[in-house]
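Read the numbers this way: they start at 1 and go in the same order the structure lists the ligands and their atoms. From a predicted model like this one, the values you see are computed outputs, not experimental measurements.
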Amino acid sequence: MAAQVTTQFQGIVMYRKDYRERDQLVKFFTREFGKKMFYIRGARKKGFKLAAAILPFTTGTYVGLIKEKGLCYLNAEKTLTQFEQINLDIKKNAYVTYILNLIDSAFPDGDPVPFWYDRVISAMEKIDQGLDAQIITHIFELQLLPVFGVQQEWRGCIVCHRTDLPLDYSESSGGLLCQNHWHLDPKRAHLDQRTVYYLQKLSSVNLDNVRSIGVHHGTKAKLKAVIDLIYQDEVGLSLKSKHFIDTMDSWG
Ligand SMILES: [Zn+2]
């Protein structure tokens, strides 16, 4: 891109923080330019004309000055979408915040990743409509693993590629092992086949095609445990928004 350009773009408000006395810095995930930080002058003044455009989790079409380096500026909004349920429901809110934090950690600022932009929009729509936010979040966690440099084999046994025998997750092998190869990892996860099935499914499904989700409570707890372990040991990511979800879970 040119060093700077005034243009229309698609964006999602990722987060914002107060800056100086009356201003804010707002990080947008844009479809065209990746993640960009915007300097919003007067954002904290009463009656600020772009107030609705920079509310958390707002998505829309915007016009602004995009700079290759440094802070960008927002000129106008064209269309805005607010997700009412995500704003009202603390759980939905927490999961979307975590998904956006994952995206923030996975990609450098200024790298366009329209594929992931579209997935995030899809996730926000589905979570807002009431689809299971935990499972949608697991789809992101699993499908972002290769971006974090962690390649897990979920399609079949990592040694012989068989899919017709019971499979189990092996952290040390980096994926699934079939029954014939369980002896290779004495510390294999001992997962039931339903949990393995969902790990395979969620790591490959196209979120756009997901119309309904009905995963049993016990299976959800096992999926979370495996994925948490991978993020803790393999990815090494520790996000505040994730800790909040863990705390929330402990409320029951
Ligand atoms: Zn095998």
Side-chain angles (χ1 to χ4, degrees), residues 95 98-99 101-108 111 113-120 122-123 126-127 131-239 241-243 245-246 249-250:
Y95 281 108
Y98 174 46
I99 289 172
N101 284 174
L102 280 174
I103 292 289
D104 205 12
S105 306
F107 303 101
D111 265 18
V113 280
F115 172 88
W116 287 102
Y117 180 89
D118 295 342
R119 294 289 90 73
V120 173
S122 187
K126 287 175 198 298
I127 290 172
L131 265 70
D132 193 318
Q134 181 189 327
I135 295 297
I136 289 173
T137 301
H138 288 335
I139 292 174
F140 275 83
E141 288 174 317
L142 287 166
Q143 297 190 7
L144 279 168
L145 283 175
V147 180
F148 285 117
V150 178
Q151 293 280 359
Q152 303 278 346
E153 179 55 63
W154 300 114
R155 285 166 299 182
C157 174
I158 196 160
V159 179
C160 68
H161 311 295
R162 280 182 80 154
T163 56
D164 57 331
L165 290 173
L167 294 161
D168 195 7
Y169 176 64
S170 160
E171 191 176 22
S172 62
S173 309
L176 300 174
L177 288 176
C178 78
Q179 201 165 24
N180 286 346
H181 290 105
W182 283 352
H183 64 274
L184 294 176
D185 183 5
K187 289 192 202 161
R188 67 189 170 86
H190 292 275
L191 297 178
D192 59 291
Q193 293 312 295
R194 191 188 294 262
T195 304
V196 171
Y197 165 82
Y198 278 110
L199 283 169
Q200 293 184 298
K201 186 109 182 154
L202 301 180
S203 61
S204 61
V205 71
N206 179 344
L207 181 59
D208 292 346
N209 299 334
V210 176
R211 299 274 171 264
S212 66
I213 298 171
V215 184
H216 187 266
H217 184 76
T219 306
K220 281 171 64 173
K222 288 176 196 159
L223 284 167
K224 180 178 189 292
V226 178
I227 296 167
D228 281 357
L229 197 68
I230 297 172
Y231 266 77
Q232 181 190 306
D233 294 353
E234 308 292 317
V235 180
L237 197 63
S238 173
L239 296 170
S241 53
K242 176 64 170 69
H243 295 307
I245 290 172
D246 296 342
D249 280 354
S250 69

Worksheet item: Is the shortest distance from a Lys or Arg side-chain nitrogen in Arg162 or Asp164 to a carboxylate oxygen in the other one below 4.0 Å?
Response: yes
Worksheet item: Between Arg119 and Asp208, is there a salt bridge with N-O shorter than 4.0 Å?
Response: yes
Worksheet item: Can you list the protein N, O or S atoms less than 2.8 Å from the Zn ion (ligand 1)?
Response: Cys157 SG, Cys160 SG, Cys178 SG, His181 ND1
Practice prompt. Could you check if a side-chain atom of Leu191 sits within less than 4.5 angstrom of a side-chain atom of Val226, using non-hydrogen atoms only?
Written response: yes
Fill in: Side chain to side chain, Ile227 and Leu199, heavy atoms closer than 4.5 Å
yes
Practice prompt. Taking ring-ring contact (aromatic ring centres under 6.0 Å, His included) as the test, write out the residues that go with Tyr169, two or more places apart.
Written response: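 For Tyr169, the residues satisfying ring-ring contact (aromatic ring centres under 6.0 Å, His included) (neighbours in sequence not counted) are Trp154.
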Discussion item. For His216, I'd like to know if atom NE2 has over 12 heavy atoms of other residues, nucleotides or ligands within 6.0 Å.
Written reply: no
